[in-house]
Amino acid sequence: QSALTQPASVSGSPGQSITISCTGTSSDVGGHNRVSWYQQNPGKAPKLMIYDVSKRPSGVSNRFSGSKSGNTASLTISGLQAEDEADYYCNSYTSSATWVFGGGTKVTVL
Amino acid sequence: QVQLVQSGAEVKKPGASVKVSCKASGYTFTSNTIHWVRQAPGQRLEWMGWINAGTGNTIYSQKFQGRVTIARDTSASTAYMELSSLGSEDTAVYYCARDLAYWGQGTLVTVSS
């Protein structure tokens, strides 16, 4: 199972919106609504930010939103803040009953 | 609150095996799944496999099939991941995660001669 494809880096100024894409296939992202997004800070465990494509766990800011079109899922961060600077990973369930992560995207707040 | 506490760091020689534990608390252990995910230094997250803590059924990533074993002890609310035939490329932080939502603190496994 190949990793899902994410851009290596995305940057934006405070207050701006950015979008991170996550491209898979019809066997994973396109075939299931079980796409999640994680935020990871250096030396820390990943934190769930979005699950089931667009649902936010309790306590996660509503500045984070998720969507999906075809084989590509997206994470949008609105009103970018310095604290949003981190690595972000997408993850999808697959038709083999396995799961696959993306390559990760480093978000930089300019 | 849901907590997953993993065992401590390990140093292993090439060819050896390592077993990492993940003790769960704050919920009914047999009602959920436990996943194992690893992250080599500076690299991406890599899904290894999962176990249905109620039934004990497991599914592994094809990459690790034959080399990884995930098990659980329901009486101890603990899941285990054992990886055999270790090589230097297995040096990584290993995480357990309930339903990929709640994560343990990670266990560093270093493989070095």
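Below, chains carry the letters A, B, ... as their sequence lines are ordered, and counting in each starts from 1.
Between chain B and the residues A:P57, A:G104, A:A3, the most heavy-atom pairs under 4.5 angstrom are made by A:A3.
Within residues 11-23 of chain A, no residue has any heavy atom closer than 4.5 Å to a heavy atom of chain B.
Residue A:V35 is not grouped with residue A:L48 when hydrophobic side chains (ILVMFWY) are merged at heavy-atom distances under 4.5 angstrom, including chains of intermediate members. Residue B:I51 is grouped with residue B:V68 when hydrophobic side chains (ILVMFWY) are merged at heavy-atom distances under 4.5 angstrom, including chains of intermediate members. Two different hydrophobic clusters hold B:L100 and B:L4 under the rule that ILVMFWY side chains link at heavy-atom gaps under 4.5 Å. No continuous path of hydrophobic side-chain contacts links B:V93 to B:I70 [ILVMFWY only; heavy atoms under 4.5 Å]. Residues B:I59 and B:V37 share a hydrophobic cluster, clusters being chains of Ile/Leu/Val/Met/Phe/Trp/Tyr side chains in contact below 4.5 Å.
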N/O donor-acceptor pairs between chain A and chain B, cut-off 3.5 Å:
| from | atom 1 | to | atom 2 | distance (Å) |
| --- | --- | --- | --- | --- |
| A:Y38 | OH | B:L100 | O | 2.5 |
| A:Q40 | OE1 | B:Q39 | NE2 | 2.9 |
| A:Q40 | NE2 | B:Q39 | OE1 | 2.8 |
| A:K44 | O | B:Y95 | OH | 3.3 |
| A:Y89 | OH | B:Q39 | NE2 | 3.3 |
| A:A97 | O | B:W50 | NE1 | 3.1 |
| A:F101 | O | B:R44 | NH1 | 3.4 |

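Nearest heavy-atom pair, B:G104 versus A:A45, reported as atom, atom and distance to 0.1 Å: O-CB, 3.5 Å. The shortest non-hydrogen separation linking A:F101 to B:L45 is CB-O, 3.4 Å.
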